[in-house]
Protein chains: 2
Amino acid sequence: MSAALTLVGKGRHFASLGIREVTRQAGVVPTSFYRHFRNMDDLGLQLVDELGLVLRRMMREARNNVLQADKLMEESVGIFINHVQANRSFFFFMAQGLAGESRAVQEGIRSEMRFFASELANDLRRLRLAEHLSDGDLELTCDLVVRSVAFSLTDLLGVSPDDDYQIDQIRRRTTRFLQLIFVGAAHWKSEGA
Amino acid sequence: MSAALTLVGKGRHFASLGIREVTRQAGVVPTSFYRHFRNMDDLGLQLVDELGLVLRRMMREARNNVLQADKLMEESVGIFINHVQANRSFFFFMAQGLAGESRAVQEGIRSEMRFFASELANDLRRLRLAEHLSDGDLELTCDLVVRSVAFSLTDLLGVSPDDDYQIDQIRRRTTRFLQLIFVGAAHWKSEGA
DNA sequence: CACATAAGTGAACAACTGTACACAACGGTA
DNA sequence: TACCGTTGTGTACAGTTGTTCACTTATGTG
């Protein structure tokens with residue numbers, strides 16, 4: 001699995017990886033592959049599971065570190081970016097999988113994102129930051145937040161990991177996206193349709 | 001090129017297509033490929049160019065058909081969805097290319113999106129719908145709009161093209177995303193940081 | 001018409017692919 | 001220690017891949 005991730009991290013697309021290629025990278029003979037996976041799709045599914053762990057760790061860290069609400073977005077975006085940098089290959093895989101060729105992987109990633117959004121909604125409720133929003137509207141907002149951040153992911157993966165200037169640009173831009181969304185949420189239905 | 005698109009439309013990922021496979025689908029001998037493209041990346045780049053045309057057509061239609069401002073978002077989202085349905089394979093290619101393995105294709109698609117966002121900003125200025133926003137903030141808003149719609153693209157491509165119920169769900173959800181963003185834009189800086 | 005350019009063909013090649021099978025080394029448990 | 005399940009190995013095979021070359025056929029312009 002880490003061999004596959006390594007290749008993806010080097011810019012290859014998961015869909016174009018072959019069994020032999022992966023085992024070669026893993027320093028193991030091709031037939032060994034079948035001891036662990038039935039085919040590449042299977043490997044992809046297991047990677048999605050591990051990706052889930054990575055995302056959960058990120059969520060936990062965000063929950064612990066965001067103490068005061070006023071810096072909530074800056075800090076969350078910061079934590080997100082740090083995790084992406086620390087697990088670049090995983091996030092490459094995630095970005096690819098969203099439009100990948102395995103329906104199952106696609107659905108897996110999508111469901112991780114839904115989970116993430118619903119946890120975010122819970123947190124906002126708990127922190128009493130969304131008292132005027134109905135459950136449906138809060139869910140909508142959080143979904144949009146998660147999508148926006150996920151899209152920033154593709155920006156982030158497009159620049160070199162040590163191009164601090166560009167990364168900072170992305171950080172600010174993503175933060176402003178979130179602020180814009182939350183301003184919208186704050187005034188939602190006070191004038192919305 | 002349409003052979004490649006056809007394969008992509010059938011669920012294959014562009015990165016995993018081979019020359020022989022494409023020529024086979026095109027009903028032509030493998031060597032003919034080289035009469036038109038140097039390699040698969042080259043083919044991808046030319047597809048991006050054609051994708052640009054598709055997007056421009058869509059934009060033109062949106063401009064012509066959205067007469068009154070109050071239904072602007074519903075109608076734009078509707079036009080978007082119609083175009084996606086009518087050019088499904090193209091949009092599959094677009095969704096894949098955003099995290100594809102050819103940096104050039106990636107950059108091409110990204111630049112189409114930037115263009116789209118800036119045209120949207122122009123239109124909003126022209127329609128006097130964003131008078132209180134600075135150029136930078138308008139650009140930010142339009143970028144977020146385009147990203148949100150692009151993300152809905154992956155939703156749309158994930159459901160069967162004749163599952164009218166689900167498509168309508170996506171339509172409504174996307175519209176609400178846009179409304180949320182524009183409510184945010186309307187109140188931006190009136191209280192934003 | 002003749003002719004230049006573009007598009008398509010067929011055979012060939014070495015390199016690589018997924019998968020099968022029988023066999024060897026390992027790790028832990030009785 | 002003997003045993004068993006797991007992981008890894010080596011060999012093999014038929015099918016596919018990208019690319020080359022010299023060739024024929026189509027197409028449109030003078």
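Letters A, B, ... mirror the listed sequences (proteins, then strands); counts begin at 1.
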Q. Taking five pairs at each end, how big is the angle between the two axes of the helix from dC1(C)-dG30(D) to dA30(C)-dT1(D), to 10°?
A. 10°
Q. Looking at residues at least two apart in the chain, or sitting in another chain, which of them share a ring pair (Phe, Tyr, Trp, His ring centres under 6.0 Å) with His83(B)?
A. none
Polar atom pairs (N or O), protein with nucleotides 6-8 of chain D, under 3.5 Å:
unit_1 : atom_1 : unit_2   : atom_2 : d
dG8(D) : OP2    : His36(A) : NE2    : 2.5
dG8(D) : N7     : Arg35(A) : NE     : 2.9
dG8(D) : O6     : Arg35(A) : NH2    : 2.1

Q) Taking all atoms of both residues into account, what is the closest heavy-atom pair of His13(B) and His13(A), and its distance? A) NE2-CE1, 2.8 Å
**Q.** Nearest heavy-atom neighbours spanning Thr154(A) and Ala95(A)
**A.** CG2-CB, 4.4 Å
Is the shortest side-chain heavy-atom distance between [X] and [Y] below 4.5 Å?
{"X": "Phe115(A)", "Y": "Glu119(A)", "result": "yes"}
{"X": "Val77(A)", "Y": "Val149(A)", "result": "no"}
{"X": "Met113(B)", "Y": "Leu98(B)", "result": "yes"}
{"X": "Leu144(B)", "Y": "Ser148(A)", "result": "yes"}
{"X": "Leu45(B)", "Y": "Phe37(B)", "result": "no"}
{"X": "Val8(B)", "Y": "Leu17(B)", "result": "yes"}

Q: Kindly state each residue pair satisfying salt bridge (charged side-chain N to carboxylate O under 4.0 Å, His left out) with at least one member in residues 30-50 of chain B, sequence neighbours excluded.
A: none
Q: Tell me, yes or no, whether the heavy-atom count around Arg126(A) atom CZ, taken from other residues, nucleotides or ligands under 6.0 Å, exceeds 12.
A: yes
Q: Determine whether more than 12 heavy atoms belonging to other residues, nucleotides or ligands lie under 6.0 Å from atom CZ of Arg172(B).
A: no
Q. Can a salt bridge be assigned to the pair Arg147(B) and Asp155(A) using a cut-off of 4.0 Å between side-chain N and carboxylate O?
A. yes
Q) Do Thr31(B) and dG10(C) have a side chain to base donor-acceptor pair shorter than 3.5 Å? A) yes
Please list, for nucleotides 14-17 of chain C, all pairs of protein and nucleotide N/O atoms separated by less than 3.5 Å.
unit_1  : atom_1 : unit_2   : atom_2 : d
dT17(C) : OP2    : Arg24(A) : NH2    : 2.6

Q | Candidate nucleotides dG10(C), dG18(C), dT19(D), ranked by approach to the side chain of Tyr34(A) - the nearest | A | dG18(C)
(Q) Which residues in residues 37-47 of chain B have a heavy atom closer than 4.0 Å to any atom of DNA chain C? (A) none
